[in-house]
2 protein chains.
Amino acid sequence: MKLSKKGEYALRALIELGIAQEVGRELVQVTELAGSKQIPIKFLEQIMVDLRGAGWVESRRGKFGGYRLRVPARSLPIGQIVRAIEGPLAPIGCVSQSAYEPCSCPDEDHCGLRMLMMDVRNAIAGILDRYTLADVVEVTLRKMRRDGLPLPYADSHVAPRPVAVPVSAARRRSAAAPASPIFPARLAPVEGLIKDLFEDYTI
Amino acid sequence: MKLSKKGEYALRALIELGIAQEVGRELVQVTELAGSKQIPIKFLEQIMVDLRGAGWVESRRGKFGGYRLRVPARSLPIGQIVRAIEGPLAPIGCVSQSAYEPCSCPDEDHCGLRMLMMDVRNAIAGILDRYTLADVVEVTLRKMRRDGLPLPYADSHVAPRPVAVPVSAARRRSAAAPASPIFPARLAPVEGLIKDLFEDYTI
DNA sequence: TCATACCCTACCGAAATAATCAACTATCCA
DNA sequence: TGGATAGTTGATTATTTCGGTAGGGTATGA
Ligand code: FES
Ligand code: FES
C-alpha cells in the first residue's frame, strides 16, 4: 500500500506548481522545485518529462525557462495523477475499475478477500478521485495564511517579461488537451482532515 | 497502492485456514492450500514459514501433517496481517502511525500532500483494522451458503485422529503468543460491501 | 524403515527504483 | 555574430525488491 518516491515527487511538484500559479508566478524551474526539499534534481527532471507527456504541465527551455501548469488545477483529480504515475489504485487486480484483471482465485464471486479489497479500493478512490489538485493547493495556502507564514514564490528574482510568450510545448506531443474553459465546482469533501480544514471558517 | 503477491497469498492462505477451522477440519496441507488456486507451492511454503514465525499458524510435520490456525480468528485484524507482511499501511512515511518517518518536506504541518495522504491512510486503516480474519471468513461462508455452494474442507480423507495432539510449533519462536481466551466482539462494520452483506438478514 | 510433508538455504531472472552522464537548445550579452 | 550560460532532454547504469525455483534436510506416523 505504498506510494513510490516517483509518485510522491510528482505530486509534490504539481502541488508546488499549483501554488506558484495561485500566487501569480509565471514559471518555476526544476532546480527551484527540488531546491531545499531534498528531491534529487535529475530524477525530478525526468518525472517532469512524464508530467509533460501527460499534458499537465508545459515547459519553456533556455535561460529563465521552467515549468508551469497547462491545465486548470480544478480539472485534475488527484486520482488521475496517481493512476497515471503509479498504476491502478486498487490493491489487487480483481477489484480495479480502470485496469481489471482476474486473479487466480477459483471463484471471484465468493472470495472474501475480494470483497474486503473492494471496500478498500472504494475508500481510496473515494478520496483521491474526489479531491483535485486545486483542493490540495487551496488547503495548503489556507493553512499557511492562517498561521501567518510567508507564501512561497512571492515574485522572486526571475519575475519579469510580462508578455505571456507562447511556450514551447504542445507542439510535438498532441497528448491530452482537455482545457475545457469551464472549471468544475468543488465536490463535497469526504470525512477527514481536509474536510475539517475546509469547514474551519474561522480562517 | 498495490498489495504484493506475497501479501495476497498470505491472506488467502489464512482465510482458507479460517474456513477449514470453521467447518471442523483439523489440518490443511500446503499442497491443498495452493491446489487448484494457482499458487506456486514452494513460494507458499516459505510464506507459511513467515506466518508461523508471526505466531498465527502452527504446523504438524510428517505424514498427514499440515497447518492450522493457532489464534482465534476473531483476534486477528487484517490490518495487522498486512502490516506484518507488507509493511505500514500508510502510502507515505510521514503519515504512518506504526512506522512514522519524516519525509523530505520542509514543513510537515503545512504540507497539503500530507493532509491528503493522512485521510487516505485513515480510510485504509479504518477498514483493515476494523475487520478481523473471522469477519472475512464469516462473510465468505455466508455468501457460499446463500448460493448453495458446497463448503470446502468438508471432512475429506485426512480427517480422523480426534485427539487434539499438541503441535510442534511455539517452541523455538516465543513470538507473539496472545491467545487471550476471551474473543472480542465484532466491531461495527464501516460502509461498504462487507457491511451490506452482514446486514442482509435474508440469508 | 519408508513415504510423506513440513523446513531451510541458496539462487535467479525480471522489473521497478533512484540516480548519473552526456548531449542539446534557447536566451542573453558583449 | 558568437560564445557563455542556464536550462531541458535522452540514454544509461547501479541498486534493490519481487516473484519464483531448486534441492536437500528433517520430523513423523504407518
Ligand atoms: S478473486 Fe481476487 S482475490 Fe479472490
Ligand atoms: S510532509 Fe510528508 S509529504 Fe510533505
Side-chain angles (χ1 to χ4, degrees), chain A residues 2-10 13 26-35 38-53 57-68 85-87 92-93 103-104 157-158 160-161 163 165-169 171-173, chain B residues 1-10 12-13 17 26-35 38-53 57-68 70 85-87 103-104 157-161 163 165-173:
Chain A
K2 262 229 159 340
L3 194 71
S4 70
K5 287 290 176 198
K6 184 174 175 182
E8 177 191 327
Y9 295 157
E26 264 292 302
L27 292 167
V28 186
Q29 35 207 33
V30 174
T31 317
E32 202 174 356
L33 278 176
Q38 321 293 66
I39 303 182
I41 294 177
K42 290 300 187 177
F43 189 26
L44 182 56
E45 268 179 13
Q46 71 189 25
I47 292 173
M48 296 310 291
V49 172
D50 289 350
L51 297 184
R52 193 166 60 90
V57 303
E58 55 191 356
S59 63
R60 161 188 246 151
R61 307 170 66 149
K63 202 174 181 183
F64 300 136
Y67 282 93
R68 74 171 159 204
I85 302 285
E86 297 267 331
I92 207 174
C103 61
S104 48
H157 51 97
V158 181
R161 196 174 48 226
V163 182
V165 190
V167 184
S168 72
R171 257 178 317 191
R172 293 182 290 281
R173 295 181 171 81
Chain B
M1 324 293 285
K2 264 231 160 337
L3 194 72
S4 70
K5 286 291 176 197
K6 183 173 176 183
E8 177 191 327
Y9 295 156
R12 274 164 63 183
L17 287 183
E26 264 291 303
L27 292 166
V28 186
Q29 23 207 13
V30 172
T31 318
E32 203 175 354
L33 278 177
Q38 321 292 66
I39 303 182
I41 293 177
K42 284 298 195 178
F43 191 24
L44 182 56
E45 263 183 17
Q46 65 191 24
I47 292 173
M48 296 311 290
V49 171
D50 289 349
L51 297 184
R52 193 167 59 90
V57 304
E58 57 191 356
S59 62
R60 161 183 263 155
R61 306 171 66 149
K63 207 174 178 180
F64 300 134
Y67 282 93
R68 74 171 159 204
R70 183 166 162 246
I85 302 284
E86 298 266 331
C103 62
S104 48
H157 52 97
V158 181
R161 196 173 48 227
V163 182
V165 189
V167 184
S168 74
R171 257 177 318 190
R172 293 181 290 283
R173 297 181 172 81

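Quick caveat: nothing in here was measured; it's all calculated off a predicted structure. In the text below, chain A, chain B and the rest are named by the order of the sequence lines, each starting its count at 1.
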So how far is it from [X] [atom1] to [Y] [atom2], rounded to the nearest 0.5 Å?
X         : Y        : atom1 : atom2 : answer
Lys5(B)   : Phe43(B) : NZ    : CZ    : 10.0 Å
Arg12(B)  : Leu44(B) : CZ    : CG    : 9.5 Å
Cys103(B) : Glu8(A)  : SG    : CD    : 5.5 Å

Next on the checklist: Quick check: on DNA chain C, is the nucleotide nearest Ile41(A) upstream (toward 5') of the one nearest Val28(B), or the reverse? Name the residue that is more 5'.
Outcome noted: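 Its nearest nucleotide lies further toward 5', so the answer is Val28(B).
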
The answer to which of Gly62(A) and Pro40(A) contacts DNA chain C further toward the 5' end, by nearest nucleotide, is Pro40(A)

Residue-phosphate contact under 4.0 Å: [X] side-chain N/O, [N] OP1/OP2:
X        : N       : answer
Arg60(A) : dA6(D)  : no
Arg61(B) : dG25(D) : no
Thr31(A) : dT8(D)  : no
Tyr67(B) : dA5(C)  : no

Heavy-atom side-chain proximity of Arg68(A) to Glu26(A) below 4.5 angstrom
yes

Describe, as an angle rounded to 10 degrees, how the axis at the first end of the helix from dT1(C)-dA30(D) to dA30(C)-dT1(D) is tilted relative to the axis at the last end, five pairs per end.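 Comparing the axis at each end, I get an angle of 10°.
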
Specify the separation, in whole Å, of atom [atom1] of [X] and atom [atom2] of [N].
X        : N       : atom1 : atom2 : result
Asp50(B) : dG19(D) : CG    : C1'   : 14 Å
Gln29(A) : dT9(D)  : CD    : C1'   : 16 Å
Glu45(B) : dG19(D) : CD    : C1'   : 16 Å

ask   = Any sub-3.5 Å donor-acceptor pair from Glu86(A)'s side-chain atoms to Ser4(A)'s backbone N or O?
value = yes

Practice task
State whether the distance check finds a donor on one side and an acceptor on the other, under 3.5 Å, for side chain Lys42(B) versus base dG23(D).
Solution key: yes

Against the side chain of Lys63(A), the closest entry in dT20(C), dT28(D), dT27(C) is dT27(C)

